[in-house]
Structure formats: structure tokens, C-alpha cells
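Report on the following structure.
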Amino acid sequence: MELSKKVKSITPSQTIEITNTARQLRAAGVDVISLSAGEPDFNTPDEIIDAVYDASKKGRTKYTASKGLPALRQAIAEKMQRDNNLTYDENQIYVGNGAKQVLYNIFMATLNEGDEVIVPSPYWVSYTEQIKIVGGEPVTAVTTEDTDFKLTPELLKAHMTEKTKMLVLNSPNNPTGTVYTQDELQQLADVLAETEIIIVVDEIYEVLTYGTPHVSIASLNDKIKAQTIIVNGVSKSHAMTGWRVGYACGDAELISALASLTSQTTTSVAEPSQYGAIAAYNMDPKHTETYRKTFEARRDNAFQQIESIPYMTCIKPEGAFYLFPHVQKCAEQCGYDTVDAFVKDILREKHVAFVPGSGFGAPEYARISYSIDEASFNEAIRRIKDFIEEKTNA
């Protein structure tokens, strides 16, 4: 069967591929420790599960409005006002099947063939692939450790052309864990305010910051807010990755277009999941603070562990739940030309899974998740160090 050119052009998600490989090995009885997954290891809070059960027992298991339940959109509006000091009407809020589908629908609704989208690298693996699928042209703006992997005004200007339609910004960042300060965002906003460039901001890791508070670029001024589409969801903030609830806040005309796309594709988000998201946003905020503190402690432990690995260097992340160490020198010391080959053999020989940086546009690096308990993480690092010692002494 002949597949479409667009499908053939897609690079499969490395994070999902490696995570699935780890699951398959576990199913076969192999003691695999996965540092590849982009999801918390906690179960969804009982309060949310109970709300979904109650809603389901009451028959709330039907199709809903393609924008999402009015009650959920109202809960999101209240959350945006409470947490971000941003006001959105319900007609400016769209609920989709996870932030990933929300992003895809945004690209589909806004990009025409050949439109350029500036994507700072390292980037989350799906941004560039989704842009290509809909006919856009991802333009990679390569950031470095010198700026903590953050886009600067100078770098932004250097990549802007007459074809630039959009900028994708992610803070807290996956895979680097960096968080933009308000001043850094303001500098970018000063450049963007002189244009009509659409700003898509992925804020899915919003609650997970460790020192630098999260600021949404949309909150800086009305002009930037009008240009900005905020993407968020409950997956990372409430351990609800499998429930598939994400959302967008922005221009009402765009929101209507996103709903139209959904009406012809998935119809709506599963109604029980939407009631779970309503419960999530009605929970005591102490829950997310406790959750954040847990990940901050894990961050501190993980960073200390990474620093003990020979030939690796890493900046200390300020958000999300990833480390992004430079691994190329370590790989070479172990006899490998690429980080990809190095990572593959660690999984094969030591049964530790993590993701090479090539999928994130940074092939000399790797993404290591600390979304698991500290004892398991520390055991994984011990195995990696054993692997390095064996290879360098061979």
C-alpha cells in the first residue's frame, strides 16, 4: 500500500519509541529502569478519579461541544485569572485531546504551505514534525548553554524573515528544564510587538518551577496577549497524562476554527475526562505545591547524581522534570561516535532507557527524566556509571 508523502516524511517520536521499548522489555521480564517517559509516576489524585466516577454513573459519557464542556471552559478561565492574571471569555478557550492535539490543530488552523515557524532548539520532538505535516517550514534557532538554552532577542531577529508566521516558545522547557524570566520574555515581546507574528506558548509544565517563577508572555501587555495562543493542560500538573485533556486560550476566531477541526476529526474530548479536569482545577492549590516540592527534591537529587557521571556536564534545570546533559564526550570516551548509539547500548546492556538529544535538535545531548522515585533514579545512574567504567577500561 502506497503511503502519503506527508506520512513518509514524519520522524517517529523518539521519546515514545524508547518508552515503548522499555515497556516491552519489562513485559518480557527484564528489569528496565526508564528515564525516558515524559509523565509523572504518581497516580491521578483520588479526588479527580472520584469525580469522574460520579459523573460517569450519572450518564455523563456522551459527546460534548467540540470546544469542550462550558463548565470546564469556565474552570479554565478561572484558573487563568487566578494563576496567570489573564482574562479570557469562554469563547476564547478550546479543549482538545491533550496539549499535543491542541498544538497540531493550531498549526493546521493557522499555517499555509511555506509559512515559516521559528522553533528554538533544543525543542520538544513533536513541534517540528507537526509543523511539517501541515505544510509549514520549521526554522530552527539553535540556542546554547551560554544562554541556558534560551532564545535571545538577537537570535530571534536573526531568524525572522518576511515568511515568518509564528514563533513556538516553551517555558518551562522540555527537554532542557530552563524557565524564562519576566525580563527575558519582555525582551522578546519588545521585538514581537513590532510584528504580527503569532506566538504559540507551550506552558504544560507551568506548575513545576524551582526558583524562577513561571510568567506567561501573554500577561506582559495587551498587544502581545492578542498575538499569543497559550497551550496548557492537566497532564503534567495533576498526573493525568492518560486522560488526554489539553486546552488553548487565545483569539476567538482561532478558537472557533479549532472547534471546527475537532468537529470533523475527534468530535470532542471524552466527557468523563473533562469532568476530571474540572475537579483538578477545583482542587485545593496545596496539592500542586506539594507536588512541586516533590519534584524539586527529585531535581536536586538527580542533578547531584548526574554531576557524578564522568565526562558528562549539565546545567541545573529550573523547571519541568528533565536533565539535559552534554553526553558526546562521554560517548566518545566509551568508543561511540554518536550519542544515539551510546544510549541504545546502555538500554541493551544495562536496561536503562533515556532519550538521545538528536530528536530534540541537539545530537550531542540526551534527555534524562527524573519523574521516578529517587531510589530507582539512583540505581539507574549506578548502572550508567558501571557501563561507562566497563567501556573505558576495556
Side-chain angles (χ1 to χ4, degrees), residues 9-11 99 103-104 106-205 215-218 220-221 223-231 248 250-251 254 315 319-320 324 326 357-365 367:
S9 73
I10 298 171
T11 302
L103 283 161
Y104 178 80
I106 289 169
F107 297 142
M108 177 66 77
T110 56
L111 297 178
N112 293 310
E113 200 75 27
D115 283 343
E116 293 182 353
V117 181
I118 298 173
V119 183
S121 75
Y123 47 72
W124 179 52
V125 295
S126 293
Y127 295 145
T128 54
E129 297 306 307
Q130 289 188 354
I131 291 164
K132 288 188 290 186
I133 291 170
V134 304
E137 297 287 341
V139 176
T140 303
V142 179
T143 67
T144 67
E145 291 187 50
D146 292 339
T147 61
D148 289 339
F149 296 117
K150 296 175 185 177
L151 182 69
T152 64
E154 295 74 23
L155 193 58
L156 172 60
K157 290 177 184 177
H159 288 81
M160 287 166 51
T161 73
E162 60 182 16
K163 293 183 179 181
T164 303
K165 182 75 172 284
M166 180 182 288
L167 165 69
V168 176
L169 205 59
N170 176 210
S171 177
N173 181 265
N174 173 10
T176 65
T178 57
V179 180
Y180 285 81
T181 67
Q182 181 167 335
D183 182 60
E184 289 165 342
L185 291 172
Q186 185 63 62
Q187 292 178 48
L188 296 175
D190 290 343
V191 175
L192 294 163
E194 300 299 318
T195 75
E196 296 303 319
I197 292 172
I198 299 168
I199 311 161
V200 175
V201 287
D202 182 349
E203 301 182 350
I204 195 71
Y205 294 95
V215 176
S216 178
I217 195 171
L220 298 180
N221 59 62
K223 173 67 167 66
I224 291 298
K225 182 187 176 188
Q227 290 175 239
T228 299
I229 308 163
I230 294 176
V231 178
D251 176 78
L254 170 64
I315 64 171
F324 201 62
H326 186 274
S358 53
F360 304 97
E364 294 189 350
Y365 292 79
R367 192 190 77 172

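Only this structure's heavy atoms are used, side chains among them; waters, hydrogens and symmetry mates stay out.
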Side chain to side chain contact (heavy atoms under 4.5 Å, CB included) assessment of I133 paired with F107: CA-CA 9 Å; I133 291 170; F107 297 142; over 6 Å; no
Any side-chain heavy atom of [X] within less than 4.5 Å of one from [Y]?
{"X": "F360", "Y": "V125", "answer": "yes"}
{"X": "I131", "Y": "M166", "answer": "no"}
{"X": "P138", "Y": "V117", "answer": "no"}
{"X": "T128", "Y": "Y123", "answer": "yes"}

Thinking salt bridges, do K150 and E184 make one under a 4.0 Å N-O criterion? yes
Using a strict threshold of under 4.0 Å (side-chain N to carboxylate O), is an ion pair present between K157 and E154? no
Might you point out which heavy atoms bring [X] and [Y] nearest each other, and give the distance in Å?
{"X": "D148", "Y": "T178", "answer": "O-CG2, 2.6 Å"}
{"X": "G136", "Y": "L111", "answer": "CA-CD1, 4.4 Å"}
{"X": "A193", "Y": "I224", "answer": "N-CD1, 3.9 Å"}
{"X": "P172", "Y": "N170", "answer": "O-ND2, 3.1 Å"}
{"X": "P153", "Y": "Q187", "answer": "CG-CB, 3.6 Å"}
{"X": "S121", "Y": "G361", "answer": "OG-O, 4.0 Å"}

Neighbour count >12 (heavy atoms, 6.0 Å) for atom CD, Q182: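 For Q182, atom CD is not crowded (no more than 12 foreign heavy atoms under 6.0 Å).
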Using a cut-off of 6.0 Å, state whether more than 12 heavy atoms not belonging to K163 lie near its atom NZ. no
Evaluation steps, side chain to side chain contact (heavy atoms under 4.5 Å, CB included), between L151 and L167: CA-CA 11 Å; L151 182 69; L167 165 69; 3.9 Å; yes
Enumerate donor-acceptor pairs with a distance under 3.5 Å from any side-chain N or O in residues 194-204 to protein atoms, sequence neighbours excluded.
| residue | atom | partner | partner atom | Å |
| --- | --- | --- | --- | --- |
| T195 | OG1 | L192 | O | 2.8 |
| T195 | OG1 | I197 | N | 3.1 |
| D202 | OD1 | I204 | N | 3.2 |
| D202 | OD2 | Y127 | OH | 2.6 |
| E203 | OE1 | H214 | NE2 | 3.3 |
| E203 | OE2 | S216 | OG | 2.8 |

Donor-acceptor under 3.5 Å (E364 side chain, H326 main chain):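 A pair under 3.5 Å: no.
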Using atom types as modelled and distance alone, determine if a side-chain donor or acceptor of T143 lies under 3.5 Å from a backbone N or O of F149. yes
Over 60° means perpendicular and under 30° means parallel, so classify the ring planes of Y365 and F324, tilted if in between.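 Ring orientation, 0 to 90° scale: parallel.
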I need the [X] [atom1] to [Y] [atom2] distance, nearest 0.5 Å.
{"X": "I229", "Y": "L254", "atom1": "CD1", "atom2": "CG", "result": "4.5 Å"}
{"X": "E116", "Y": "E162", "atom1": "CD", "atom2": "CD", "result": "8.5 Å"}
{"X": "T228", "Y": "D251", "atom1": "OG1", "atom2": "CG", "result": "11.0 Å"}
{"X": "R367", "Y": "N174", "atom1": "CZ", "atom2": "CG", "result": "4.5 Å"}

Passes side chain to side chain contact (heavy atoms under 4.5 Å, CB included), L188 versus L156? Steps please. CA-CA 8 Å; L188 296 175; L156 172 60; 4.1 Å; yes
I would like to know whether Y180 and N173 meet side chain to side chain contact (heavy atoms under 4.5 Å, CB included); could you show each step before the answer? CA-CA 9 Å; Y180 285 81; N173 181 265; 5.9 Å; no
Only one of V168, L103, V119 forms a side-chain contact (heavy atoms from CB on, under 4.5 Å) with W124, so which one is it? L103
